[in-house]
Amino acid sequence: MPGRVIELEDVTFTYPDGTVALKNISFFVEEGEAVAVVGENGAGKTTLCYLLSGVIPHIYGGTIKGKVSVAGIQPKDSSMRDLSRQVSIVLQDPDSQIFSPTVFMEVAFGPSNLGLSKEEILANVKWALEVTGLSGLEERSPDELSGGQKQRLVLASALAMRSRVLVLDEPTSQLDPVGVREVMATLKELKRRGVTMVITTHQTEEIAEIADKVIVLKDGNLLAIGSPKEIFSDVELMERAGVKAPDVAILTYELAKRGLNTEEVPINELEANEMLSKFIKDGKIRVSGELSFEQRRNERAIIEVRDLTFEYPGRVRALDNVSLTVYEGDFLGVIGMNGSGKSTLVKTMIGLLKPQQGKVLFRGEDVTKFTVGELAKRIGLILQNPDYQLFTISAIEEVMFGLRNIGVKGEEARKLALEILDMVGLKEKAEYFPFKLSFGERRLLAAAATLALNPEVVILDEPTTAQDYRGRYLLADLAKDLHERGKTIIMITHDMDLIAKYANRVIVMANGKIIMDGDPHVIFNDIERLRQAGVMPPQITRLAISMSQMGIPSQIIKIEEFLDVVEVVK
Amino acid sequence: MTFKYVEKDTIIHKLHPMTKALLLLAALMLALIFTYDYSIVPLLIVLAFELIIWRVAGIEFWRVAIVIKVLLGIFLFFIIVQGFLYRGGVTPLFAIGHFKLWEKDIGEFTLEGLLYGLFISAKILVVVIAAIIFVMTTSITKMSALAHSLRLPYSFSFTLLAGLRFAPLIFKSFSDIKDAQKLRAFDIDRMNIIVRAFKAYVPILTPLILNLLRRGMELQISIESRGYGATKNPTQLEELHLRLRDYVTFIIIILIFASSIYVNYTIAPPLYTDFLQYLRSLLRG
């Protein structure tokens, strides 16, 4: 019988500032199990990871009540050094965890700290690199690796310790879809090899195939614990916890509301296909409606990109003769792998990069003629990392900074700033110190600072990075609001659900070129070409495509559209 | 980077890092003990020797031109300063005025001063070339093994390693933050120097420092969970051994440097005096 490697009994943890991050948590993990921890930001996921790995209380302080036991020892009674033989931790951002000049040195760092023999270390490193699929890259510099490879390197470094438990705190939240798939495949391989893992994540769809057990946290409480199937099929529970339920589960839940008698709720498209096909054959569901989507377009161009070519010094072409016309009123989604040229394209639009060839016109005028301030009043870019911008002592000061830069003074600036803060929902927190706000709120604040300049075009760069299910939509909802008020929106994202929900036009980039351009319904239908760009359409589209022979229109991209074309027979 | 380590299969790459460090050390020592202008003669011998090693190490000669280009500002500075200020200057080449400072007229640019400036430049070049040979032929793995074999504390070589990796990341963050603030119509590149010095860097340095603190925290978690400091003597994976080629190179280096010192005290002074006389006579026409 496998033993319990991790045991928590009635654990409550309080940070020194009085925040109770975990409340009366009890659960156990058996040898070789993979446990997923889900919940919204602030639910206590990271605290749990820190508690298991001894980061709490050895690096971050606080009060622990109850019993935490990992591999038979209590983290608080042992030192980080001794604990490091039992448990390893992997964090979100690979760049702040890697410090060696070569892959080999990075992975060998841990075991050589333990003073193992040279032979043992070489064996551990070889094994760790093999499991993570990095064999052959030993002498590479980590700087040459892709995001997914870097995070696999961090994983390998933790694995080389040969500790009994691996704790991963959102290992995929900083990666593009290709990176997510790589890391998830590695986790699957680790699971197969019997590594005990605790993984926090927002990626419910992917983790369902790896985890044995799922723990749902909310506000520090353990809301539920069960198999992925039990947890992810419970749409109401997911809604309450602020976690994304699989599209197909929501679909089934909605069909059940309309009177369909379902015995089980599917959590992946295969199960859903099987179940729904059966219902259709049995005549319990009828495919009735037609999918219609209108393509409206304003013909007034606002941004024109003409034959743009950009090369970074000594590197490949980031943009290769790109042309694009953005029309007034577009809600344009930009998708593609990291390094496909998305960010470069946007940076040339706002004049941060000067293209070697070609030009960008804003309402017919060359953008290079504008000063930084003039351009900021026309095109606003909301960046991924708000922490690169915030520096003042209060939220309102932050918004007024931009206004002052364009010459708005005194009371008028204050009045405008308050209006903008009200629009993003931060009016009550106008006097807060920016770093006291949550990450999601800081992003809204950075957005407010950009929007204060009242640009006609608003560009969002990865509005979902490091955000939970609800947080993901905050910025996008704001963008939708602006779009309804007549602004033109450009949104770079890896999140296909976001594109499906908001965009009325999407471009797909690969190797510095735009390879597809059109309505998301049409684009998402072309799975083959999307795969070349490293993109996967939403689950509901994949289901619709797999069921197109049953009469389901394959161009469906939203759950509501699916519900519109089927009818439950009573 | 132009002077990063490049993996190549040459005898210089295979040498024990200590041997290459000796070359650097010897060059540094010479630069310190040679103080008279006639020492340019032995310095040129050493420079020629270094360029041979440069070639043997498979480093392209065009990189020498880059070194000189990078250092040109410093060279010019020394040549100009010494040209006007060198106290042994007796042969004026041109004058921009006449200001007596003690014995010396510092308004005159002298031949001796020019040559002394060139001599200082040569000293710098000899040290820099030796340093580049060391850096371009020694992998960081070997450097940290060298630090270990010199009994430097582990925390020292770790800090060095981490610093080498994080320095470029910090520069990248700096320029990203600068761009991010530009988007809020904050254009530091167009501000005048006084504004820049006093307040313009606040919006850039504040986020930078906060980000570095966060990264530092994460790095700490990352290394401590990998047992940093668990033993005083972490296992060394790269073992360094002195081989025959190292001893031979040792001897060659010592021979070259010893003979340059010998030259410095015997042939160099009269040779240099003759050379000066010749130049002066040329100038007089």
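Chain letters run A, B, ... following the sequence lines, proteins first and then strands; every chain starts at 1.
Remark: A/Ile393 CD1 is loosely packed, at most 12 non-hydrogen atoms of other residues, nucleotides or ligands lying under 6.0 Å away. Counting non-hydrogen atoms of neighbouring residues, nucleotides and ligands closer than 6.0 angstrom, the CZ atom of B/Phe61 exceeds 12 such neighbours. Residue A/Phe433 qualifies as enclosed at atom CZ: its count of foreign heavy atoms under 6.0 Å is above 12. Other residues, nucleotides and ligands place no more than 12 heavy atoms under 6.0 Å from the NZ atom of A/Lys436. Shown here is B/Lys69, whose NZ atom has no more than 12 heavy atoms of other residues, nucleotides or ligands within 6.0 Å. Residue-environment remark: NZ (B/Lys172) stays at or below the threshold of 12 foreign heavy atoms within 6.0 Å. Surrounding NZ of B/Lys182 are more than 12 heavy atoms belonging to other residues, nucleotides or ligands, all under 6.0 Å away.
Aromatic ring pairs are classed by plane angle as parallel below 30°, tilted from 30° to 60° and perpendicular above 60°; the pair A/Phe109 and B/Tyr228 is parallel.
Side-chain contact between B/Leu161 and A/Pro101 is present, with at least one heavy-atom pair separated by less than 4.5 Å. No side-chain heavy atom of B/Gln181 sits less than 4.5 Å from a side-chain heavy atom of A/Tyr388. Two residues are said to be in side-chain contact when any heavy atoms from C-beta on lie closer than 4.5 Å; B/Arg226 and A/Pro111 fail this criterion. Side-chain contact between A/Ser96 and B/Leu219 is absent, with no heavy-atom pair separated by less than 4.5 Å.
Residue contact with chain B, scored on non-hydrogen atoms closer than 4.5 Å, is absent for A/Leu83. Proximity to chain B (any heavy atom under 4.5 Å) is shown, for A/Glu119, by neither the backbone nor the side chain. Only the backbone of A/Ser100 comes within contact range of chain B, judged by heavy atoms closer than 4.5 Å. Looking at A/Ser157, both its backbone and its side chain come within 4.5 Å of chain B, counting heavy atoms on both sides. When heavy atoms are compared at a cutoff of 4.5 Å, A/Asn385 approaches chain B solely by way of its side chain, counted from C-beta outward. For B/Tyr154, the part lying near chain A is the side chain, with the backbone staying farther off; criterion is any non-hydrogen pair under 4.5 Å. Using a 4.5 Å cut-off between heavy atoms, A/Ile98 contacts chain B through both its backbone and its side chain. For B/Ile221, the parts lying under 4.5 angstrom from a heavy atom of chain A are both the backbone and the side chain. Contacts between B/Leu208 and chain A at a heavy-atom distance below 4.5 Å are absent for every atom of the residue. Contacts of A/Val167 with chain B are absent, with no heavy-atom separation under 4.5 Å from either backbone or side chain. Of the two parts of A/Met80, the backbone and the side chain both hold a non-hydrogen atom closer than 4.5 Å to a non-hydrogen atom of chain B. Within the 4.5 angstrom heavy-atom criterion, only side-chain atoms of A/Leu383, from C-beta onward, approach chain B. In this structure, the portions of A/Glu106 lying under 4.5 Å from any heavy atom of chain B include both its backbone and its side chain. Contact annotation for B/Leu210: only side-chain heavy atoms (C-beta onward) come within less than 4.5 Å of a heavy atom of chain A.
Formation of a donor-acceptor pair under 3.5 Å by the A/Asn405 side chain with backbone atoms of B/Arg184 is found in this model. For the pair B/Asn211 (side chain) and A/Asp387 (backbone), a donor-acceptor distance under 3.5 Å is present.
The CD1 atom of A/Ile121 lies 3.5 Å from the OG1 atom of B/Thr235; values are rounded to the nearest 0.5 Å. Atom CD1 in A/Ile59 sits 11.0 Å away from atom CD in B/Glu218 (nearest 0.5 Å). The CZ atom of A/Phe391 sits 14.5 Å away from the OH atom of B/Tyr201 when rounded to the nearest 0.5 Å.
Checked against the 6.0 Å centroid threshold, A/Phe99 and B/Phe166 do not count as a close aromatic pair.
Counting heavy-atom pairs closer than 4.5 Å to chain A, the top residue among B/Ser173, B/Ala162, B/Pro203, B/Pro168 is B/Pro203. Contact count versus chain B (heavy atoms, under 4.5 Å) is highest, among A/Lys118, A/Arg85, A/Arg404, for A/Lys118.
No side-chain donor-acceptor contact under 3.5 Å links B/Ser222 and A/Gln97.
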